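Structure first, then comments.
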Amino acid sequence: QVNLLQSGAALVKPGASVKLSCKASGYTFTDYYIHWVKQSHGKSLEWIGYINPNSGYTNYNEKFKSKATLTVDKSTNTAYMELSRLTSEDSATYYCTIGVMDAWGQGASVTVSS
Amino acid sequence: DIQMTQSPASLSASLEEIVTITCQASQDIGNWLAWYQQKPGKSPQLLIYGATSLADGVPSRFSGSRSGTQYSLKISRLQVEDPGIYYCLQGYSAPLTFGSGTKLEIK
């Protein structure tokens with residue numbers, strides 16, 4: 001069965017960067033786009049963007065273009081999202097999800113605090 | 001960007017009652033509409049895709065429909081395990097956009 005295992009919670013200082021991971025198993029890694037979604041506490045969901053694991057092509061929500069960088073490592077079936085220049089507005093849970101978003105990671109909490 | 005206007009924001013219903021949640025798209029999105037359920041502390045779970053297709057393993061009491069640019073999720077007989085927050089998502093064009101969510105509770 002499809003499994004997306006995300007990295008653990010992160011506590012990071014304002015202005016720093018953080019790199020989240022999403023390790024995929026149970027399917028052919030290059031068959032589905034990988035999306036990343038942000039959920040601020042108690043709020044709705046925001047689409048950050050997706051990456052085509054086969055080609056590395058990315059498509060970002062304009063809102064996150066200068067914030068997020070999506071990459072993959074096909075040798076380890078792992079997708080990454082790096083968030084840069086973190087502020088309190090970036091404190092949220094971040095999910096990876098594939099295809100028509102029928103499989104989701106467990107989420108990774110990012111807290112930005114000094 | 002395509003706006004998805006979801007209503008109601010919250011809903012309280014009795015067991016076995018019929019529940020309907022709607023999303024209005026700001027422009028034509030065809031059948032590029034999905035519905036998700038999210039329970040506290042959990043990841044969203046796909047219920048409906050392609051506006052009307054039931055995802056694998058989802059009980060048949062859930063159904064989706066479309067009328068023009070208005071999309072509906074119907075729960076035919078509310079069960080004790082159905083409370084949560086429900087979201088719609090348009091996948092027609094980037095940026096993909098979610099509705100604001102409907103919090104469903106048991107009365």
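All chains are named by letter (A, B, ...) in the order of the sequence lines, taking the proteins before the strands, and each is independently numbered beginning at 1. The structure presented is a predicted model; accordingly, all values stated were derived computationally and were not measured.
Taking 4.0 Å as the cut-off between side-chain N and carboxylate O, D82(B) and K74(B) do not count as a salt-bridged pair. Taking a cutoff of 4.0 Å between a charged side-chain nitrogen and a carboxylate oxygen, R61(B) and E81(B) qualify as a salt bridge.
Looking at L47(B), neither its backbone nor its side chain comes within 4.5 Å of chain A, counting heavy atoms on both sides. For Q6(B), no part sits under 4.5 Å from any heavy atom of chain A, backbone or side chain. Heavy atoms closer than 4.5 Å to chain B are found nowhere in E62(A), neither backbone nor side chain. Neither the backbone nor the side chain of K63(A) comes within less than 4.5 Å of any heavy atom of chain B.
Cation-pi contact between K65(A) and Y60(A): absent, since separation from the ring centre below 6.0 Å together with deviation from the ring axis within 45° is not met.
Interface summary for chain B: among L45(A), T97(A), N61(A), N59(A), the most heavy-atom pairs under 4.5 angstrom belong to L45(A).
Using a 4.5 Å cut-off on side-chain heavy atoms (C-beta onward), Y71(B) and R66(B) make contact.
Taking the six-membered ring for Trp and thresholds of 30 and 60 degrees, Y95(A) and W104(A) have ring planes more than 60 degrees apart, a perpendicular arrangement.
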